[in-house]
Amino acid sequence: KQEVTQIPAALSVPEGENLVLNCSFTDSAIYNLQWFRQDPGKGLTSLLLIQSSQREQTSGRLNASLDKSSGRSTLYIAASQPGDSATYLCAASNTNAGKSTFGDGTTLTVKP
Amino acid sequence: KAGVTQTPRYLIKTRGQQVTLSCSPISGHRSVSWYQQTPGQGLQFLFEYFSETQRNKGNFPGRFSGRQFSNSRSEMNVSTLELGDSALYLCASSSTSAGELFFGEGSRLTVL
């Protein structure tokens, strides 16, 4: 059974700082790993998807890496901004059939 | 291109009643997944439909059911509502072999 853990649960940083969010998963036979952002009371916004065969994906100030052998993924946010404040969730999927296991998320606060 | 649309956005029910939630996926997406999000349990997978067939099912009681129509729109039903069913119900659609999930804004159910 896949289990996903995200550490830390909460993080507060000053604006402009670079930061790393961590995601660990127990079953390395994943199909893909996806990072999401969730604002309070809203749905999930897809940030990055990393396929099993890939090591990293980049989009703007975001970079996500995947290390299946160690069961870890990281989301790197460069030059953080107050607008980045949200909860960040990672989800590991063992198939492409819509079933993903989510971590509990890291709530990020970026202070001006 | 329109995103995933969920209706209703908010609803209040009393214990013992039943509720039906609707999800319209992104045009061309044939996979629809449902998730329940609560503060205590986080995001949990309910079920996934592809071409009107349930492909995956999570560990929820039989009171939770769903279906998918020929136009890929999906509904989920919860019968005999309990207080613990209060949650944000999220729908996600997916089209590609990559399995990337795109979520709607959710339906927030409050059971009194």
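To find a chain, count down the sequence lines: A is the first, B the second, and so on, and within it residues start at 1. Below, each value reflects all heavy atoms present in this structure, side chains not excepted, and no hydrogens, waters or symmetry copies.
- Geometrically, B:Arg108 does not engage B:Tyr10 in a cation-pi contact, judged by NZ or CZ lying under 6.0 Å from the ring centre and within 45° of the ring axis.
- A:Glu56 and A:Asn63 share a side-chain donor-acceptor pair at under 3.5 Å.
- The shortest heavy-atom contact between B:Glu105 and A:Gly43 is OE1-N, 3.2 Å.
- Side-chain contact annotation: A:Ser80 with A:Glu15, donor-acceptor N/O pair under 3.5 Å absent.
- Checked against a 6.0 Å centroid threshold, the rings of B:Phe103 and A:Phe36 count as neighbours.
- Using a 4.5 Å heavy-atom threshold, the side chains of B:Leu90 and A:Leu44 count as touching.
- For the residue pair B:Arg9 / B:Ser107, no side-chain donor-acceptor distance below 3.5 Å is found, with atom types taken as modelled.
- When each of B:Gln54, B:Arg30, B:Glu75 is checked for a side chain to side chain donor-acceptor pair (under 3.5 Å) with B:Tyr49, only B:Gln54 meets the rule.
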Start with the C-alpha distance between A:Leu66 and A:Gln54, add both sets of side-chain angles, then the distance that settles side chain to side chain contact (heavy atoms under 4.5 Å, CB included), and finish with yes or no. CA-CA 7 Å; A:Leu66 175 65; A:Gln54 298 173 321; over 6 Å; no
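- B:Gln41 and B:Thr38 are not linked by any side-chain donor-acceptor pair at a separation below 3.5 angstrom, with hydrogens and angles left out of the test.
- Identified by a heavy-atom distance below 4.5 Å to chain B, the contributing residues of residues 100-112 of chain A are A:Ser100, A:Phe102, A:Asp104, in residue-number order.
- Looking at B:Phe45, the atoms closer than 4.5 Å to chain A (heavy atoms on both sides) all sit in the side chain, from C-beta outward.
- Chain B is approached within less than 4.5 Å, heavy atom to heavy atom, by A:Tyr31, A:Asn32, A:Gln34 from residues 23-35 of chain A, ordered by number.
- Looking at B:Gln37, only its side chain comes within 4.5 Å of chain A, counting heavy atoms on both sides.
- Relative ring orientation between B:Phe47 and B:Trp34 is described as perpendicular, the plane-to-plane angle rising above 60° on a 0-90° scale split at 30° and 60°.
- Only the side chain of B:Leu88 comes within contact range of chain A, with at least one heavy atom under 4.5 Å from a heavy atom of that chain.
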